[in-house]
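A short write-up of the structure that comes next.
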Protein chains: 2
Amino acid sequence: MQRTLSAVEYSGDEEQLAVFAKALSHPVRIKILLLLATQQCCFTGELTELIPMAQSTISQHLKALLEAGLIQGEINPPKVRYCINRENWVLAYTLFEHFFYTPEAENSCTCGDRELQ
Amino acid sequence: MQRTLSAVEYSGDEEQLAVFAKALSHPVRIKILLLLATQQCCFTGELTELIPMAQSTISQHLKALLEAGLIQGEINPPKVRYCINRENWVLAYTLFEHFFYTPEAENSCTCGDRELQ
DNA sequence: TACATTAATCGCATATTTGGGATAAACGAA
DNA sequence: TTCGTTTATCCCAAATATGCGATTAATGTA
């Protein structure tokens, strides 16, 4: 889309954080990640049995998570085992942590006395 | 959309996390939040001067952040001062932290030896 | 070779997001 | 009252996201 002449500049962290956040922006992807993260180890398309969604839909969400780098997969025909990509998991953790930690957080703000909307 | 007969069930945390993540899923919203979080305190539509986007677009993104609960605003006609909603900020921080912290994280995974894609 | 299993991809419909111009709303100031 | 300032809304266009059925691809097995 981007019809502006002067495009907005983003830092690498800003863009990377947005990518991770977008991957987490759908509850079913949150659920999938939680399953993968807490299951003994890897996981497979048994997700289809745990989540009442079409196989193609689950596959699509897995692809989104794969592209965001939050999971990785091992082809083991005809099955595929997915698991958390620990390296990027830690990266995401770090980015979110730094993002939410703001030194000025303690500065009380006079804003919001009259709540908007 | 959701044409499935048996809808997927999500926990409150899963849904709330997805809502926060969606709010963070666009780099310009990340940038706005960082500006609000690090600026001495509140902020206003000077965002329009800092970010080369149409005023209506900035306003839209602010609305999205407002609806997600990450910011709050104080009407001070004809200006509006926005600032971080600290309460929900902490809630989001907590949710992301718990999400990324997985006890099983240490379990090495044989997955990904043969990288997929 | 023919078949079964598993998962990705395609095609389609619908919904949501994104961006911006134009306009409206709210208010103080002249 | 009429303007000017600031911000939200409305409207439109284009891009993405979401969901699913059908199909394809890859491989082991009978």
Side-chain angles (χ1 to χ4, degrees), chain A residues 1-8 10 15 18-19 21-32 36 42-68 71-83 111 114-117, chain B residues 1-8 10 15 18-19 21-32 36 42-68 71-83 111 114-117:
Chain A
M1 210 156 315
Q2 187 63 25
R3 276 180 279 169
T4 19
L5 293 179
S6 55
V8 185
Y10 301 113
E15 289 193 332
V19 166
K22 177 173 275 187
L24 303 179
S25 71
H26 193 297
V28 88
R29 289 196 291 268
I30 297 273
K31 189 183 276 293
I32 289 173
L36 290 178
C42 292
F43 220 70
T44 334
E46 299 124 353
L47 286 171
T48 316
E49 293 169 26
L50 295 176
I51 301 173
M53 276 184 149
Q55 178 265 323
S56 60
T57 305
I58 302 275
S59 180
Q60 232 173 189
H61 285 297
L62 286 170
K63 186 182 180 185
L65 292 172
L66 198 63
E67 287 176 345
I71 64 174
Q72 62 193 126
E74 182 193 78
I75 303 177
N76 210 318
K79 296 195 175 188
V80 176
R81 283 157 55 102
Y82 283 105
C83 64
C111 228
R114 269 180 290 163
E115 283 285 326
L116 184 62
Q117 218 281 342
Chain B
M1 211 156 312
Q2 185 64 23
R3 275 180 279 170
T4 19
L5 293 181
S6 55
V8 186
Y10 301 113
E15 289 193 330
V19 166
K22 177 173 275 187
L24 303 179
S25 72
H26 193 297
V28 88
R29 289 196 291 269
I30 297 275
K31 189 183 278 291
I32 289 173
L36 290 178
C42 292
F43 220 67
T44 332
E46 297 124 353
L47 287 170
T48 316
E49 293 169 27
L50 295 175
I51 302 173
M53 277 184 149
Q55 179 265 324
S56 61
T57 305
I58 302 275
S59 180
Q60 234 173 188
H61 285 298
L62 286 171
K63 186 182 180 185
L65 291 173
L66 198 62
E67 286 176 348
I71 64 174
Q72 60 192 125
E74 181 193 77
I75 303 176
N76 210 318
K79 296 195 173 187
V80 176
R81 285 155 57 100
Y82 283 105
C83 65
C111 228
R114 269 180 289 162
E115 282 287 325
L116 183 61
Q117 220 278 350

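Per chain, numbering begins at 1; letters A, B, ... match sequence-line order. Fair warning: this is a prediction, and the values are worked out from it, not measured in the lab.
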*If each of K22(A) and I58(B) is mapped to the nucleotide of DNA chain D with the nearest heavy atom, which maps nearer the 5' terminus, i.e. the 5' end?*
I58(B)

*asked:* Using OP1 and OP2 only, check whether a side-chain N or O of H61(A) sits under 4.0 Å from dA17(D).
replied: no

*Could you state the CZ-P distance from R29(A) to dT16(D), rounded to the nearest angstrom?*
15 Å

*L65(A) has an atom CG; how far is it from atom P of dA17(D), in whole Å?*
13 Å

*Drop me the distance from L24(B)'s CG to K22(A)'s NZ, to the nearest 0.5 angstrom.*
12.5 Å

*When the distance from CD of E67(B) to P of dA8(D) is rounded to whole Å, what number comes out?*
12 Å

*asked:* In whole Å, I'd like the distance from the CG atom of N76(A) to the C1' atom of dT6(C).
replied: 11 Å

*asked:* Measuring only between side-chain heavy atoms, which start at C-beta, is I71(B) closer than 4.5 Å to I32(B)?
replied: no

*Looking at the side chain of H26(A), which of dA7(C), dA8(D), dG19(D) is the nearest nucleotide?*
dG19(D)

*Quick one: side chain to side chain contact (heavy atoms under 4.5 Å, CB included) partners of A18(B), sequence neighbours excluded?*
P27(A), I30(A)

_Atom pair distance, as rounded to whole Å: CD1 in I51(B) and P in dT7(D)_ = 13 Å

_Rounded distance in Å - CE (M53(A)) to C1' (dA7(C))_ = 17 Å

*Hey, which of these two, Q60(A) or K79(B), hits DNA chain D nearer its 5' end, going by closest nucleotide?*
K79(B)

*Please round to the nearest 0.5 Å and tell me the distance separating atom CD of Q60(B) and atom CD of Q55(B).*
10.5 Å

_4.5 Å side-chain heavy-atom contact, L62(A) and L47(A)_ = yes

_Nearest-Å distance for atom pair CG/C1', residues L66(B) and dT7(D)_ = 13 Å

_Quick check on dA7(C): is either OP1 or OP2 less than 4.0 Å from any side-chain nitrogen or oxygen of R81(A)?_
no

_I need the NZ-P distance between K63(B) and dC10(D), as an integer number of Å._
7 Å

*asked:* My understanding is that only residues two or more places apart in sequence, or in another chain, count here; which of them pass side chain to side chain contact (heavy atoms under 4.5 Å, CB included) with T57(A)?
replied: M53(A), A54(A), H61(A)

*Go along nucleotides 21-30 of chain C 5' to 3' and tag each nucleotide: B for a protein heavy atom under 4.0 Å from its base, S when only backbone or sugar atoms are that close, - otherwise.*
BB----S---

*asked:* Given 3.5 Å as the limit, does a donor-acceptor pair link the side chain of S59(A) with the main chain of S56(A), or not?
replied: no

